[in-house]
Amino acid sequence: IFLINLAYILKMSGIKKFLSISFLSLTFATVLAVPHENKGRYLYEQDISSTGAFIARWTPDVENSVIYFEFEAQTQGWVGVSILLPDIVDQVGDQVIAGVYEDGTSYIQDRYFNKSIPHPERPLRPIDVQQDWVLHYAEEANDKTIVGVSRPFNTGDFYDGPVFEDKVLKFSWAYDELDISDGIAPDHGPTFGSVYINLLNPET
């Protein structure tokens with residue numbers, strides 16, 4: 001379904017060829033990095049850092065209940081987002097991390113967190129047993145990392161937290177200067193922030 005929808009979008013933007021390869025595992029996945037163009041591929045775009053450091057693009061596929069994202073960050077390390085309901089104590093949330101290694105292969109990790117339980121892997125949280133995020137492409141160019149990922153609106157996974165529907169969610173972003181090694185994050189703090197967005201209807 002994704003390939004059909006993406007092929008249609010790419011055709012509309014004038015791009016003739018694309019490659020989508022993804023492999024998921026319990027710890028993390030690696031795939032080949034794929035060059036691409038950004039123009040016209042996503043319905044919404046927002047500089048969620050307000051400084052140009054982290055740009056999010058996304059298209060909700062309401063018919064198939066899947067949302068496609070592109071994240072662009074000023075780093076050659078990992079990039080990621082966390083998604084929660086706004087201002088609710090003791091909730092769980094979804095987290096996805098992705099990036100590109102020096103050899104050109106890319107990786108993705110589907111993680112989760114519980115706001116009420118501190119975890120030593122800050123800012124990253126435990127790997128989710130149910131891997132629901134899919135990595136479609138990733139690349140490094142001009143000192144930036146760009147990744148394209150997707151996730152169902154409702155994964156049925158308790159640890160993914162909120163279902164994507166017509167409501168405002170807390171959308172936290174982060175990136176680091178280094179890549180994740182062997183599933184472990186570098187031992188220093190990332191650049192991060194958060195915004196509140198209705199992903200299905202951001203104009204409200």
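Atom set for the values below is all heavy atoms of this structure, side chains included, hydrogens, waters and symmetry mates excluded. Positions are given from 1, in the same order as the sequence printed here.
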Could you tell me whether the side chain of Val147 reaches within less than 4.5 Å of the side chain of Val79, counting heavy atoms only? yes
For Asn142, give me all partners under side chain to side chain contact (heavy atoms under 4.5 Å, CB included), at least two apart in sequence or on another chain.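 By the side chain to side chain contact (heavy atoms under 4.5 Å, CB included) rule, Asn142 matches no residue at all.
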Side chain to side chain contact (heavy atoms under 4.5 Å, CB included) partners for Ser194, two or more places apart: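 With neighbours one apart ignored, the set is Lys170, Ser172.
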Is the backbone of Leu199 close enough, under 3.5 Å, to the side chain of Trp58 for a donor and an acceptor to pair up by distance? yes
Check: Asn198 side chain, Asn201 main-chain N or O, donor-acceptor pair, under 3.5 Å: yes
Distance only, no hydrogens: is a donor on one side chain within 3.5 Å (strictly under) of an acceptor on the other, for [X] and [Y]?
X: Asn64; Y: Asp61; value: yes
X: Glu70; Y: Tyr137; value: yes
X: Asp157; Y: Tyr112; value: no
X: Gln130; Y: Asp132; value: yes
X: Asp94; Y: Trp133; value: yes

With sequence neighbours excluded, tell me which residues meet side-chain hydrogen bond (donor to acceptor under 3.5 Å, both in side chains) with [X].
X: Asp47; value: Ser49
X: Glu45; value: Arg57
X: Ser50; value: none
X: Thr155; value: Asp160

So which atom in Gln109 and which in Ile180 form the shortest heavy-atom distance, rounded to 0.1 Å? NE2-CG2, 3.5 Å
Which atom pair, heavy atoms only, marks the closest approach of Leu169 to Pro86?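 Minimum heavy-atom separation between Leu169 and Pro86: CA-CD, 4.2 Å.
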Sidechain N-carboxylate O distance under 4.0 Å for Asp110, Arg151: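 No salt bridge links Asp110 with Arg151.
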Parallel, tilted or perpendicular: rings of Phe164 and Phe69 (30°, 60°): perpendicular
Are Val195 and Leu43 linked, directly or through other ILVMFWY residues, by side chains that come within less than 4.5 angstrom of each other?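 Hydrophobic grouping puts Val195 with Leu43.
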